[in-house]
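Scroll down for the structure; my scribbles are underneath it.
A, B, ... follow the sequence lines: proteins, then strands. Residue 1 opens every chain. What you see is a predicted model; the values in this text were computed from it and never measured.
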Amino acid sequence: MNNPTPDTTTRYLNVMRTRNSAAREATWLRALRQSAVERFAETGFPMLQEEDWKYTDVRPIERAAFMPLPQDAALPAVPTAGQFRLDGLSGPRVVFIDGRFSASLSAVGPLPEGATVTTLADALNSQPQVLEAHLGRYLPADGHGFAALNTALLADGAFIHLGAGTRLEQPIHVLYLTTAGAALLLPRNLIIAERDSEVTIIEHYAAVGDMAYFTNSLTEIFAGDNSTVEHYRVQEENRAAFHVSGVHVQINRSSRVISHALDLGGRLVRNDLRAVLADTGGECHLNGLYFAADRQHIDNHTHIDHAQPHCTSREFYRGVLSGRGRAVFRGRIVVRPDAQKSDARQVNNNLLLSRDAEADSQPQLEIYADDVMCSHGATVGQLDEDALFYLRTRALGDAEARDLLTYAFAREVLDRVRLAPLRVRVEHRLAAALRERGALHEVHP
Amino acid sequence: METPSRDIETLVHRAYKAGFVTELEADAVPAGLNEDVIRLISAKKREPDFMLEWRLRAYRQWLTMRPPQWAHVRIAPIDFQSIVYYSAPKSKDDGPKSLADIDPKLLETYDKLGIPLREREMLAGVAVDAVFDSVSVATTFKEKLATMGIIFCPFSEAVQEHPELVRKYLGSVVPYTDNFYATLNSAVFSDGSFVYVPKGVRCPMELSTYFRINASKTGQFERTLIIADEGAYVSYLEGCTAPMRDENQLHAAVVELIALKDAQIKYSTVQNWYPGDEQGRGGIYNFVTKRGACRGENAKISWTQVETGSAITWKYPSVILEGDNSIGEFYSVAVTNNMQQADTGTKMLHIGRNTRSTIISKGISSGHGQNTYRGLVKVLKGAENARNFTQCDSLLIGDQCGAHTFPYVEVRNPTARVEHEAMTSKISEDQLFYLQSRGLAAEDAVSMVVNGFCKTVFKELPMEFAVEAQKLLGVSLEGAVG
Amino acid sequence: MLTITDLHASCDGKEILRGIDLQINAGEVHAIMGPNGSGKSTLANVLAGRERYQVTRGAVIYRDADLLQMSPEERARAGVFLAFQYPVEIPGVSNIYLLKAALNAVRKSRGEPELDAMDFLALVKDRLQLVAMKEELLYRSVNESFSGGEKKRNEILQMAVLTPHLAILDETDSGLDIDALQVVASGVNALRSPDRAFLLITHYQRLLDYVVPDVVHVLVGGQIVKSGDRSLALELERQGYVGVAQPSTSV
C-alpha cells in the first residue's frame, strides 16, 4: 500500500513534536506549548459545521499546507521596505521580515524610563518572569485550532512593556513584512501596560510580491488599572495571502482600550477580537473598517465580555464590499450575572456595491444582568438614493457621487483614527480601491 | 417499486392481524415508537396509502437524526421511547370529575382571566356533559363556511374527504426531512386543523381551534395546514385564549401555511401551556415548526404570537417569500418567568423581487427566565429590492434573568436593504415609581409598563385576543416584582 | 428660459401632473402656489430630473435644449438649481467639500478653470454673509444635525455659490420663523438679475411679501388653474384655494 500524504493537521503536529523535543525551554513555556499541541490535536482546522465558522471555509488554508520557514537562513534584503513606513510618525519601529526580527530595519530609539520595546524572543531570555506571568494568560481555554497552532509554535513577535505610570507619547509601529511564498508565519505579540500607563501600538501586516502565504498571528494585551492602550491592526496583506489573527485583551479597573481593526488586503481573512472587561470602570472601544473586493473574504468575530459591573463598550464596524467580495461580521456582547450598569452599544453597517458581493452580519447580545443598557444595530444596504440624487442636482456626476458617498461611509470609521499619517494611508488605499473596482457601477447600469 | 409497497401493505395487514384489533378496543398502545405503532396510527385513522407511506418515510428519516443542540436552552434529555404516541380521544370518565379535582392554582388563574365557569370546566378538562354551546356553534360555523367553499375541519377528516389537497400541500412547506421534531411530527402526528379558502373568497370570520378542540382532543403532535388560494383571505387564531390543562411533556407541532397569488393569511397564537412551577419542575416542552410560503405575487403571511407559557419554547414561525412583491410579517411577545426558557424568533427568506418583511419582537424576562430572540433574514441573489426591518427589544425584570438576541443577516443581493436594531434594558424604575405614586399597586404598574412595551405587537392581534393577551401578561408576570 | 408644454407626470402609476403649461423668461420671478397634494413638489422634482417620476406626455425646453433628456447633473451643470423642500443629510461628506466639488463641476462644464483653494474660500465666505450662516457649518457633514432653518440657508448658500440661470425653490419658506424667512428672502433678492429666473413654490403667500413675484400661478389637481400678478396671491390668502380655483375649474 502507498503511504498517503499525511494531512496538514498531522504534518503540523509532527512539526510541533519535533520542535518541542529538541527545544530547551522553561517548564512553564513547555507546558504552555504542550497544552496548545493537545488542543490543536483535538480541534485541528475549524470546519464549516461549527457555528463560529459557518460562513468561513478555511479548507484552502488546510490544502495549501503552508510550512514554517527555516530560522537560520539569511534575511532577504527588502529595498522597498520604506514604503511601509508611516511618514510623520517618529516612534519606535520594530520590523519583522518573514517572521524574523530585522535589526537593520528596526529603530527603537530612546524610550522613557519603565518602557520596554523589544522582541518576544529577547524578552523570553531577558525577563522570563514577566512572560511567565502574562504569556498565554489572556486566551480562552476553548480557543480554535489556529490560536493553538500559534501558541504551540510561537517563536517571535513584539514585546511591549510599560511599567507603572509610564507614558509613551509616540506610537510604536510593529511591521510584519512577508516576502516568502508558501510560508506559515506565526507572529506573537505581548503588550503589557501596567497601571497608570499609556501606549499606542500599530500592528501592521503587509507583503512584498504577490505570492501566497499564511499569517496566523496572536496578540495579547493586558491593560492594567487606569491605563490607556490604543491598538491598531492594519492588515494590508497581498491578495493571495491568508490571514488569521487573534487579539485578546484584558481590561482592568478604570482602564481604557481602543482598538482599530483596518482590513484592506488578504484573500481569506479571519480576525477574532476578544475583550474582557475584567474589573469595574473599564472601557472598550472597537472600531473596524473592512474593504472586500474581487474575491476577498473578510470575517470579523468580536466578543466583548462584560464580566464586571460599571463597564462601557462601544463597537462600530463598517464594511465596503465590491466585486465578489464577501464579509462576515459576528459581534457578541455578553453581560455576566451581576455585571450591573453595563453599557454596551454595537453597530455594524455594510455597503454592497456590486451584484456579487455578499454580507453576513450577526450582532449578538447575551445578557444575564438586568440593570443594563445594551443595543445593537446591523444594516446591509447600498448607497442612499436620495443622497445620490441630491449630489447629482449639485452637478456631481453619477460615478463621482457614488465614490463620494462610499468614501463618506468609510470616513465615519476613519474619523476615529487619531493618527493622521495612518488615516491618510488608509484613505489613499480606499481611494485606490474605488478607482480600481470596475464592479462599482455595475449595480446601476 | 412494487415490492416494497406490497411489503408495506403486507406489514400493515399483518400488524393489524397481529392483535391490534383488541388493542384498538382497549385503546392503549404501549409507550415507544416503531413502525408498527405508525402503522397503527394510520390504520386507526383509516388513512389512504400515501399518508402511511409518508409517515413511514418520515419515521425512517427521523431514526437518522439527532435533536438540535444550537438553541440557547438547557433541556433534560427526552426519552422518546417513553412517550405514548397514540391514545384515543379521552372519554369523559378519564378526566377530573369536577372543578374540585383541579389544581387550585389553575382555577385561580381562570378567575383572574375572567373566564366563565362553564368554560373553565372545559379548559381544565373536566368532563362536561353533552350540552356545551361551542359544539353546536362549531357546526353552525362549519355549515356557513361550506356554503362559501371554505373547508375547515380536523386534519384527519381532510385526509378522508380532501386527499387531493392534502397530498398536494402536506409537507410542501415543511418537508418531512426538515428537522428532528418536525420529522417526528410527520411520522406520528395525531390530528390538527385543515383550512382551505378557495379563490377570491374572504373568510368572513376568524377561524379558531377553540371551536374545534372540543370535538377532538388534538394531543401533542398537532398538524395544521392552511391554504389560501388566489386572492383569498383568512385569519386563524391558534390555541386557546386561556390556559389549557395539559400534562404532556413534549409538544412537537407543525404548521404549514400556503398563500397563493394575492392571498393573505394572518395567523395568531396565544400560547399559555403549563410553564412548570417556580422551581422549574414540570411544564411543557413546546418545540414547534411553523412556516408559511408566499407562493405567488402579492401574497402576504403574517404571524403574531404571544408566548407566555411552556417550560421551554422553541419555535420560529417563518415565511418563504417566493412570489414577487410578497410580504412576510412576524410580531412576537415572549415572556419568561420563574425557570422558563424561550428561544424563539423567525426566518424571512427573500426569494422574489420586491419582497418585504417586518419583524417586531418583544422579549420580557423575569425571575430566572431566559429569553432568546433568534432570527434569520436571508436575501437570495434574485431578490431585487428586498426590504427588511427588524426591531427586537428586551425588557429585564429582576437581576436573575437573561435576555439574548441572536439575529442572522445574510444578504446576497446589492439592491436589498436590511436593517436590524435591538435594545435591551431594565424595566424603567422611573415609570414604575410614577405609576405607583398615582396609586397603582407594584404589580399593576409592572403590568401596565409591560403592556405598553408590547403595544406594537398587541395591536396586530384580533380584538378579543388582544384583551386576553394583556390579561395573560399580568398573570404570567406575577411575582416578578416585590 | 423655460417653456413647459402640456406636461404630464406620474409616480408609481398615479398621475400627478395633468398638463402643465408654463413660460418663464429670463429675469422673471414666478410663484407657484397650491394646496397640499396639488403637484407642486412633483413639478420641482421633474424639472430637477428625479427618476422616481415618469413624464408621460409633454415637453420642457430649457435654454433651447430638451431638459427631459438630460441627467440630473447635466441639468445642474446647465444652470438649473433646485433648493429642496427636505434637504437630505449626508453623513461623512463635508459641506465645504460638496460646495467645491459642485462649483468645479459647474465651472468645468462652462469651460472655466477650477477655482484654487484660496479663491474658493474667499467666494464662499462672501456668500456666507448673504445667508447669515455660521462658518462652522461649512465643516460639518452636509445638513447633518442642522436645524430646519440651517438646512434652508444651506440650500440658498449653495445657490449663491453655484449662480444658476434657473433657480427652483421648493417650499424653502416652510417651517421657517420670520427671521430665517427674511434671511432666505434677502438671499434670493440679492441674486435676482436680468439673466436669472426664479420659480418659487410655496404654500403660503408670506414669502411673497419679501420676494415680490412677477407672475403667480395657482396649481390645483396637477393643473395650473389660474395665473395672475401679485394680487392673485393676496386673493388666495383671503379666499383660500377653493374660492380662487372655482371659476377656472368649472369651465
Worksheet item: Hey, which of A:Leu396, A:Asp384, A:Leu414, A:Leu391 has the most heavy atom pairs under 4.5 Å with chain C?
Response: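 Result: the option with the highest number of such pairs is A:Leu396.
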Fill in: side chain to side chain donor-acceptor pair (under 3.5 Å) partners of residues 412-431 of chain A, not counting sequence neighbours, each pair once
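Sorted result for residues 412-431 of chain A: A:Glu230-A:Arg418, A:Glu236-A:Arg425, A:Glu236-A:Arg429, A:Arg318-A:Glu412, A:Tyr407-A:Glu427, A:Arg411-A:Asp415.
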Discussion item. Could you work out, with salt bridge (charged side-chain N to carboxylate O under 4.0 Å, His left out) as the rule, every residue matching C:Asp173, not counting sequence neighbours?
Written reply: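 By the salt bridge (charged side-chain N to carboxylate O under 4.0 Å, His left out) rule, C:Asp173 matches no residue at all.
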Worksheet item: Looking at residues at least two apart in the chain, or sitting in another chain, which of them share a salt bridge (charged side-chain N to carboxylate O under 4.0 Å, His left out) with A:Arg330?
Response: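 Per chain and number, A:Arg330 pairs via salt bridge (charged side-chain N to carboxylate O under 4.0 Å, His left out) with A:Glu51, A:Asp52.
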Worksheet item: Side chain, backbone, both or neither: which part of C:Tyr97 has a heavy atom under 4.5 Å from chain A?
Response: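 For C:Tyr97, the contact with chain A is made by the side chain alone.
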Fill in: Part of C:Pro164 within contact of chain A (heavy atom distance under 4.5 Å)
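Neither part.
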Worksheet item: Under 30°, 30 to 60°, or over 60°: which ring-plane class applies to A:His243 and A:Tyr205, parallel, tilted or perpendicular?
Response: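 Rings of A:His243 and A:Tyr205: perpendicular, as their planes differ by over 60°.
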Discussion item. Between A:Gln346 and A:Pro363 (side chain of the first, backbone of the second, donor and acceptor by atom type, cut-off under 3.5 Å), is there such a pair?
Written reply: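 Judged by distance alone, no pair lies under 3.5 Å.
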Worksheet entry | Atom pair NE2/CD1 of C:His203 and C:Ile32 - distance to nearest 0.5 Å |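 So the gap between those two atoms works out to 14.5 Å.
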Practice prompt. Considering only heavy atoms, give the residues of residues 124-148 of chain C separated from chain A by less than 4.5 Å, sorted numerically, with 'none' for an empty result.
Written response: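 Within residues 124-148 of chain C, the residues under 4.5 Å from chain A are C:Val142, C:Asn143.
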Fill in: chain A contacts, top residue of C:Leu98, C:Val106, C:Leu162 (heavy-atom pairs, under 4.5 Å)
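Most heavy-atom pairs within the cutoff with chain A belong to C:Leu98.
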Worksheet item: Of the listed residues (C:Arg50, C:Arg75, C:Glu51), which shares the most heavy-atom pairs with chain A below a 4.5 Å separation?
Response: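 Most heavy-atom pairs under 4.5 Å with chain A: C:Arg50.
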Worksheet item: Among A:Arg270, A:His297, A:Glu358, which residue meets the side chain to side chain contact (heavy atoms under 4.5 Å, CB included) test with A:Val328?
Response: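 Only one option passes, and that is A:His297.
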Worksheet item: Quick one: do A:Asp343 and A:Arg314 make a salt bridge, cutoff under 4.0 Å?
Response: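 So A:Asp343 pairs with A:Arg314 through a salt bridge.
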